[in-house]
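Below, all heavy atoms of this structure are taken into account, side chains as well, without hydrogens, waters or symmetry copies. This one's a predicted model, so the numbers in the text were calculated from it and none came from an experiment.
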Amino acid sequence: MKQTKPFYKSAAWQKCRAVVLLRDHYLCQPCLKRDRIVPADLVHHIKHLEDEPDLALDPNNLESVCNSCHNKLHPEKGSGKKEEATRSGLRVIRATANEEVW
């Protein structure tokens with residue numbers, strides 16, 4: 001992680017990160033696949049930066065994620081355990097108007 005810290009402060013990463021968030025409409029892609037609308041504030045390397053440094057700025061190797069999903073993708077950075085899914089996202093509820101009864 002120490003070697004990658006300067007990378008995440010670089011202008012190239014900041015620009016690439018902004019492009020990916022915009023491309024993904026600032027929505028968490030793993031949550032979206034589960035029909036949940038959750039804002040994303042992180043950009044995740046699908047193939048880890050340490051393992052594939054040549055893909056560091058490749059948008060095809062990046063996806064927007066929320067904090068919860070990022071923690072699940074990197075359990076080693078937190079408590080070391082994968083968390084249970086939380087219901088912090090927005091749910092879409094379809095409703096129909098009530099019929100008037102006279």
Side-chain angles (χ1 to χ4, degrees):
M1 178 68 176
K2 289 181 183 178
Q3 306 97 311
T4 60
K5 203 166 195 171
F7 167 77
Y8 288 113
K9 293 184 179 188
S10 72
W13 169 249
Q14 294 300 320
K15 187 179 280 190
C16 186
R17 178 184 180 279
V19 166
V20 171
L21 285 167
L22 192 61
R23 177 198 70 193
D24 294 344
H25 305 288
Y26 289 84
L27 295 174
C28 176
Q29 298 306 293
C31 286
L32 205 55
K33 289 174 187 167
R34 294 188 313 267
D35 295 325
R36 296 178 63 222
I37 299 171
V38 179
D41 51 1
L42 298 169
V43 174
H44 170 70
H45 285 92
I46 297 166
K47 293 182 181 176
H48 296 289
L49 180 59
E50 294 86 1
D51 301 333
E52 301 281 345
D54 55 318
L55 299 177
L57 298 173
D58 181 351
N60 295 320
N61 186 46
L62 300 168
E63 69 178 343
S64 301
V65 296
C66 65
N67 281 318
S68 178
C69 284
H70 197 251
N71 289 340
K72 290 174 194 161
L73 292 164
H74 290 289
E76 73 279 2
K77 292 183 180 179
S79 64
K81 296 184 266 182
K82 289 192 176 189
E83 296 176 18
E84 292 295 317
T86 60
R87 295 187 176 259
S88 61
L90 300 175
R91 295 182 138 226
V92 177
I93 299 173
R94 300 181 195 277
T96 57
N98 292 331
E99 294 182 26
E100 289 188 36
V101 181
W102 295 94

Below 4.5 Å, heavy atoms only, C-beta onward: do [X] and [Y] meet side chain to side chain?
{"X": "Cys28", "Y": "Ser64", "answer": "no"}
{"X": "Asp41", "Y": "Tyr26", "answer": "no"}
{"X": "Cys31", "Y": "Cys66", "answer": "yes"}

(message) Give me the atom names and distance for the closest heavy-atom approach of Arg23 to Glu63.
(response)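 Distance-wise, the nearest heavy atoms are NH2-CA, 4.0 Å.
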(request) Please name the pair of heavy atoms, one in Phe7 and one in Trp13, separated by the smallest distance, quoted to 0.1 Å. (result)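 Residues Phe7 and Trp13, closest heavy atoms: O-CB, 3.3 Å.
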(message) For the aromatic rings, using the six-membered ring if either is Trp, is the centroid distance between His45 and His74 under 6.0 Å?
(response)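 His45 vs His74: aromatic centres not under 6.0 Å.
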(message) Same cluster or not: Leu55 versus Val19, using hydrophobic residues (I, L, V, M, F, W, Y) connected whenever any side-chain heavy atoms lie under 4.5 Å apart?
(response)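 In one cluster: no.
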(message) Can you list, by chain and residue number, the hydrophobic cluster partners of Leu42 when the side-chain cut-off is 4.5 Å?
(response) Val65, Leu73
(request) Give, for atom SG of Cys69 and atom NZ of Lys33, the distance between the pair rounded to the nearest 0.5 Å. (result)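 Between atom SG of Cys69 and atom NZ of Lys33 there are 10.0 Å.
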(request) Hey, could you give me the CG/CZ distance between Leu57 and Arg17, rounded to the nearest 0.5 Å? (result)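 Answer for the CG-CZ pair, Leu57 versus Arg17, is 13.5 Å.
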(message) Just to verify, which of Asp24, Leu62, Val20 counts as forming a side-chain contact (heavy atoms from CB on, under 4.5 Å) with Gln29?
(response) Asp24
(request) Evaluate side chain to side chain contact (heavy atoms under 4.5 Å, CB included) for Leu27 paired with Val38, printing each intermediate quantity in order. (result) CA-CA 6 Å; Leu27 295 174; Val38 179; over 6 Å; no
